[in-house]
Amino acid sequence: MRVARFTTVLITIALVTLIARVVYLQTRAPTQVQALVDTQFSTAPLHAERGPIFDRLGRVMASSDTIRRLYIDATMVTDPADFALKLGQALGYDPAVIQHMIQQRPTSRYLVVDKQLSDARYESVKRLRLPGLATETRYQRHYPMGSAAGQVIGFVGADNVGLENVEKVFNAPLAGTPGRMVYLRDASRRPIWIDAASFTHPTDGQAVRLSIDITIQTIVEAELRKAAEQYGAKSAQMIVMDPYTGEVLAMANYPSFDPNELAHSTGDLRRNRCLTDQFEPGSIFKPFVWAAATQTNIARPSEMIDCTGGLWVTAAGRRLHDAHGNGMQTWEGVLIKSSNIGMGKIGQRMGNQSVYRAVRAFGFGEPTSINLEGEMAGTVNPLSRWSGYSVTSLPMGQEIAVTPLQITRGFCTFANGGYLIRPTILAVDDVRQQGGRQIIGRVLTPGVSDLTRHVLRRAVSEGTGRKADSSFYTIWGKTGTAQVPGPHGGYLPGGYVGSFVAGAPLDRPRIVVGCFIHRPDPSKGYYGGIVAAPPVKAVIEQTLQYMGVAPDKLPDNHEPILARNIDARE
């Protein structure tokens with residue numbers, strides 16, 4: 001009996017001591033003990049799926065694919081050589097590489113073995129049950145359209161954050177909100193209990209729907225590449241816009257960029273030159289000053305202008321040349337024949353203030369504020385920096401720098417009744433684009449807008465844009481050939497930009513297209529009417545047919561309504 005009583009007392013004392021110790025550890029545990037307990041809990045992020053990017057018709061341009069990543073917790077590996085051998089035999093990895101990885105970073109808890117684990121290997125991992133070997137589910141960005149609109153879409157980094165263009169500008173809605181969970185793990189670091197109070201469910205990212213139509217984009221890129229390669233151009237851009245809504249239906253760059261091949265790209269290749277590259281426009285700029293002079297009655301459509309025999313010396317001593325002696329021309333004829341002399345004479349008649357106001361009214365010298373990154377403002381010198389030549393330079397597209405988007409947006413005013421609109425890369429009926437098109441202001445009356453467009457129609461049928469004349473649609477537009485400024489002043493020998501900006505159909509234009517071929521090989525051709533007009537014609541014909549727009553071209557013996565029959569004062 002004494003032995004039993006003694007044993008009972010000892011057990012009671014031990015239980016009391018144990019309970020007291022438990023209470024002590026729960027309430028006043030030493031720091032080192034608490035740290036040991038805490039290491040049994042882990043916090044794991046719960047990744048949100050990045051939202052997709054669609055074209056205007058809902059076709060996927062960027063998506064997030066689920067992938068599994070295989071990694072090693074080196075702190076749980078007791079024998080690196082044995083671990084590496086088992087892993088190599090089971091999954092086919094090089095054991096020497098695995099062993100070296102562990103020995104180089106023995107304290108690392110995240111050594112990535114395979115960034116994208118195949119389904120077969122994943123099943124092998126589950127059967128292997130090797131301590132220290134784990135997988136995690138992640139999302140990987142994929143661009144199913146390849147290089148189509150690559151410089152517009154951009155790309156994401158390793159942490160799934162948008163780094164350029166649409167992916168960057170709309171990163172917040174696309175990224176969503178990640179979640180987290182805190183869990184208790186066993187000795188093999190496997191979760192055995194989740195703390196419900198600290199669990200936060202991830203919120204997946206929203207979809208973004210662009211104004212881009214991938215079919216039109218594909219047409220544009222094919223025609224742009226063909227022209228650029230045919231003429232040996234250093235770079236080229238083409239933009240298709242809806243002149244009423246401001247939607248960019250296509251925005252192409254040559255050379256192209258495939259976001260799926262990021263490792264093989266450079267910053268220069270990824271740059272969206274439609275927004276970043278500034279150039280002297282040359283003759284494609286003439287319609288803006290022509291329309292402004294017409295609207296203010298400084299020049300009348302039927303007024304005769306003496307364009308001399310191809311050479312004119314201004315009062316400031318500047319010598320202006322025309323490619324061909326044009327003699328007497330109507331004000332309409334000055335634009336149709338693209339006379340530098342005629343434009344220079346009317347520029348002098350307007351004066352510095354009026355020319356400057358006209359240029360700024362069309363939005364030149366400031367960004368268009370399209371919802372993309374990296375846009376340049378172009379260059380319009382303040383009046384204080386104008387010389388005696390400036391008033392004759394700007395009317396023919398010199399002493400000014402523009403971007404492809406600026407000049408294409410400007411031509412939309414000739415198509416939509418004179419409104420200057422803000423371009424957008426989002427579909428206008430998207431929930432984030434309230435109110436449809438964004439009108440900045442009216443810069444031309446409907447009459448002058450229509451008049452300018454009809455004169456530009458004759459620039460195609462009678463002037464330098466003949467290679468853009470279609471058998472199906474009445475295309476209107478303007479060619480331009482400008483020299484490339486040199487790095488130390490003057491112009492670069494043999495450096496040209498051949499451009500053509502146009503729209504169609506004539507009576508109710510559905511699209512405006514701008515094409516810009518930079519530094520083509522002069523031995524192959526460099527005039528805008530040669531290098532840029534044919535691809536624009538091809539794009540207009542294919543795009544309008546795709547859009548279901550019926551051909552409007554009248555028989556050859558029936559010319560469309562002439563510009564002179566339109567009242568510019570309307």
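Positions are given from 1 along the sequence.
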Could you tell me if Asn272 and Asn165 have a donor-acceptor pair between their side chains, going purely by distance under 3.5 Å?
no

Passes side chain to side chain contact (heavy atoms under 4.5 Å, CB included), Ser63 versus Asp65? Steps please.
CA-CA 6 Å; Ser63 62; Asp65 299 336; 3.8 Å; yes

Aromatic ring proximity Tyr143/Phe155, centre distance under 6.0 Å:
no

Is it the case that the side chains of Glu541 and Ser470 hold a donor-acceptor pair, with the cut-off being a distance below 3.5 Å and no angle test?
yes

Using the rule side-chain hydrogen bond (donor to acceptor under 3.5 Å, both in side chains), only one of Glu375, Gln406, Arg409 pairs with Thr368; which is it?
Glu375

Run the salt-bridge test on Asp55 and Arg209 with the 4.0 Å N-O cut-off and return the result as yes or no.
no

Looking only at side chains, do Tyr419 and Arg442 share a donor and an acceptor under 3.5 Å apart?
yes

Measure across Arg271 and Gln151 and return the closest heavy-atom pair with its distance rounded to 0.1 Å.
O-CG, 3.5 Å

So, Arg273 and Asp268, do they make that salt bridge, N to O below 4.0 Å?
yes

Residues Glu167 and Arg141 bridged, charged N to O under 4.0 Å:
yes

Interatomic distance, Met145 atom CE to Thr218 atom OG1 [nearest 0.5 angstrom]:
7.5 Å

Salt-bridge criterion met for Arg121 and Asp114 (N-O under 4.0 Å):
yes

Salt-bridge contact Arg508-Asp552 (side-chain N to carboxylate O under 4.0 Å)
no

Look at the rings of Phe288 and Phe285 and say which category their plane angle falls in: under 30° parallel, 30 to 60° tilted, over 60° perpendicular.
tilted

Using 30° and 60° as the class limits, which term best fits the ring planes of His518 and Phe279: parallel, tilted or perpendicular?
perpendicular

